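Notes for the one structure printed next.
Index from 1, following the sequence. The model shown is predicted, which means the values in this text are computed figures rather than measured ones.
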Amino acid sequence: MTAHAFGKVILLGEHSVVHGRPALAAAVSPGVDAEATPSATDDGLALDVSPWDCRFRPADGSDLGRALGALGAALGVTSGHVRATVHLPGGGGMGSSAALGVATARALADLHGLALPVEALLAAALAWERVFHGNPSGVDHTLAALGGVGVYTRAHGLAPVPLRGALRLLLADSGERARTVDMVSGVARLHQRRPETTERTFDAIAALVRNAELALAAGDLRALGEFMNLNQALLAALMVSTERLEALCAAARTAGALGAKLTGAGGGGCVLALADTPEGESRVLSAWEALGATAFVTEVGA
Ligand code: PMV
């Protein structure tokens, strides 16, 4: 059986969610598919990832190898050959690593005939995620496992937000990459150096998330776009934006987007924008392509 896990887009609230504040996030159906077969010579765990064309094993010294070992230990399995296909920009802020962990856990559980209650799935995926960034908020693997659209907090998990209809999101891959662990520890250092201002920034982002949740539930895209723009300014204050991300956000706004911001850990990765008409969407996508970015549209909450 092929196991699936969702990708995710953070609409608002990345980074502050690590520090206990809420994030508004949505699962996207391009994600990761995985299948597991018995290891040919019963020689432990192995993970082949396409299209990266790489094989990982627990003792190979790579992050993915170590994550596979941690996941296997959490599930109590020591063998199985997983073949996974990633349908997301790798390291682009769309939750590819968490989706890979969730799909791998499901495939291994299926191979070994293990019941995998959601708590056990989330615990195994958290063990996987900890290898990549010591202090994950949990938003990525929770969305990868559960899907849907909702407000996530470390304390309460995911609270679904009912939508009036499907929401179309415009995304552009900046082509730049930064490691999530480095971006998260950069914000943690800022927090240590300037605790009061950083806490105030987190609180301001939390207020935007709560307002964005209301706007989303009411179908008020104009307000949602405004909150995204304000969130982007606060992310820049947390030093996780880049010149290229700012240029892509500015180009989207000039082309008529209702709002634009980075999504995920920043330092590169993807930007996200909203438009309210098909013509508006085309203008934003063309503006991004003119800047050499790969642009695409995804729908959430359909
Ligand atoms: O870039 P991604 O897909 O790993 O998203 C990271 C989101 C952060 O809020 C920056 C980290 C976290 O654990 O929530």
Side-chain angles (χ1 to χ4, degrees), residues 1-9 27-133 136 138-148 171 173 177 179-181 264 269-270 294 296 298:
M1 196 183 78
T2 302
H4 180 73
F6 298 100
K8 69 96 194 29
V9 170
V28 297
S29 41
V32 174
D33 296 312
E35 238 171 346
T37 50
S39 323
T41 49
D42 206 17
D43 60 348
L45 289 165
L47 170 64
D48 286 344
V49 188
S50 158
W52 308 338
D53 209 13
C54 299
R55 167 166 295 190
F56 301 94
R57 288 183 174 277
D60 66 7
S62 70
D63 280 356
L64 266 171
R66 286 193 298 123
L68 179 64
L71 184 99
L75 293 173
V77 304
T78 54
S79 70
H81 181 181
V82 180
R83 285 185 187 81
T85 308
V86 179
H87 304 281
L88 296 163
M94 293 187 68
S96 54
S97 86
L100 187 55
V102 168
T104 299
R106 284 188 167 136
L108 285 171
D110 185 47
L111 172 69
H112 292 281
L114 299 175
L116 192 58
V118 78
E119 297 75 28
L121 172 62
L122 293 177
L126 181 63
W128 164 287
E129 278 287 271
R130 279 216 176 99
V131 172
F132 297 103
H133 49 113
V139 63
D140 283 20
H141 74 268
T142 302
L143 261 298
L146 304 182
L171 287 146
D173 189 341
R177 290 292 179 268
R179 280 157 38 104
T180 299
V181 64
C270 290
T294 310
F296 51 101
T298 189

Inset, instruction - Keeping the roles fixed (side chain from Ser79, backbone from Leu45), state whether a donor-acceptor pair exists under 3.5 Å. - result: no
Validation: residues 104-111 side-chain donor-acceptor distances under 3.5 Å, sequence neighbours left out:
from: Thr104; atom 1: OG1; to: Leu100; atom 2: O; distance (Å): 2.7
from: Arg106; atom 1: NH1; to: His4; atom 2: O; distance (Å): 2.8
from: Arg106; atom 1: NH2; to: Ala145; atom 2: O; distance (Å): 2.9

Legend entry - Residue pair Ala98 / Asp140: nearest heavy atoms and the distance that separates them: CB-CB, 3.5 Å
Legend entry - Phe296 side chain near Pro89 side chain, heavy-atom distance below 4.5 Å: yes
Inset, instruction - Taking all non-hydrogen atoms of both residues into account, name the closest pair between Ala99 and Ala144 and its distance. - result: CA-CB, 3.9 Å
Legend entry - Partner residues of Ala120 under the side-chain contact (heavy atoms from CB on, under 4.5 Å) criterion, sequence neighbours left out: Leu116, Pro117
Legend entry - Minimum heavy-atom distance Ala124-Leu75, with the two atoms named: CB-CD2, 3.8 Å
Legend entry - Residue pairs fulfilling side-chain hydrogen bond (donor to acceptor under 3.5 Å, both in side chains) with at least one residue in residues 117-128, sequence neighbours excluded: none
Legend entry - Side-chain touch Ser29/His87, heavy atoms, less than 4.5 angstrom: no
Legend entry - Heavy-atom donor-acceptor pair, Lys8 side chain to Ser96 backbone, under 3.5 Å: no
Which pairs would a plain distance check flag for residues 58-68, meaning a side-chain donor or acceptor within less than 3.5 Å of a matching protein atom at least two apart in sequence or in another chain?
from: Asp60; atom 1: OD1; to: Ser62; atom 2: N; distance (Å): 2.9
from: Asp60; atom 1: OD1; to: Ser62; atom 2: OG; distance (Å): 2.7
from: Asp60; atom 1: OD2; to: Arg57; atom 2: N; distance (Å): 2.9
from: Asp60; atom 1: OD2; to: Ser62; atom 2: OG; distance (Å): 3.3
from: Ser62; atom 1: OG; to: Gly65; atom 2: N; distance (Å): 2.9
from: Asp63; atom 1: OD1; to: Arg66; atom 2: NH2; distance (Å): 3.0

Legend entry - Taking every non-hydrogen atom, the tightest pair across Leu88 and Pro30: CD2-O, 3.2 Å
Distance-only donor-acceptor pairs under 3.5 Å for side chains of residues 46-56, two or more places apart:
from: Asp48; atom 1: OD1; to: Arg55; atom 2: NE; distance (Å): 2.7
from: Asp48; atom 1: OD2; to: Arg55; atom 2: NH2; distance (Å): 3.0
from: Asp48; atom 1: OD2; to: His81; atom 2: NE2; distance (Å): 2.9
from: Arg55; atom 1: NH2; to: His81; atom 2: NE2; distance (Å): 3.3

Legend entry - Qualifying residues under side-chain contact (heavy atoms from CB on, under 4.5 Å), relative to His133, sequence neighbours excluded: Glu129, Pro136, Thr180, Val181, Val184
Inset, instruction - Report yes if the side chains of Leu171 and Met94 come closer than 4.5 Å at any heavy-atom pair, otherwise no. - result: yes
Legend entry - Distance-minimising heavy-atom pair for Ala125 and Val102: CB-CG2, 3.8 Å
Legend entry - Smallest separation among heavy atoms of Ala74 and Ala127, with atom names: CB-CB, 4.3 Å
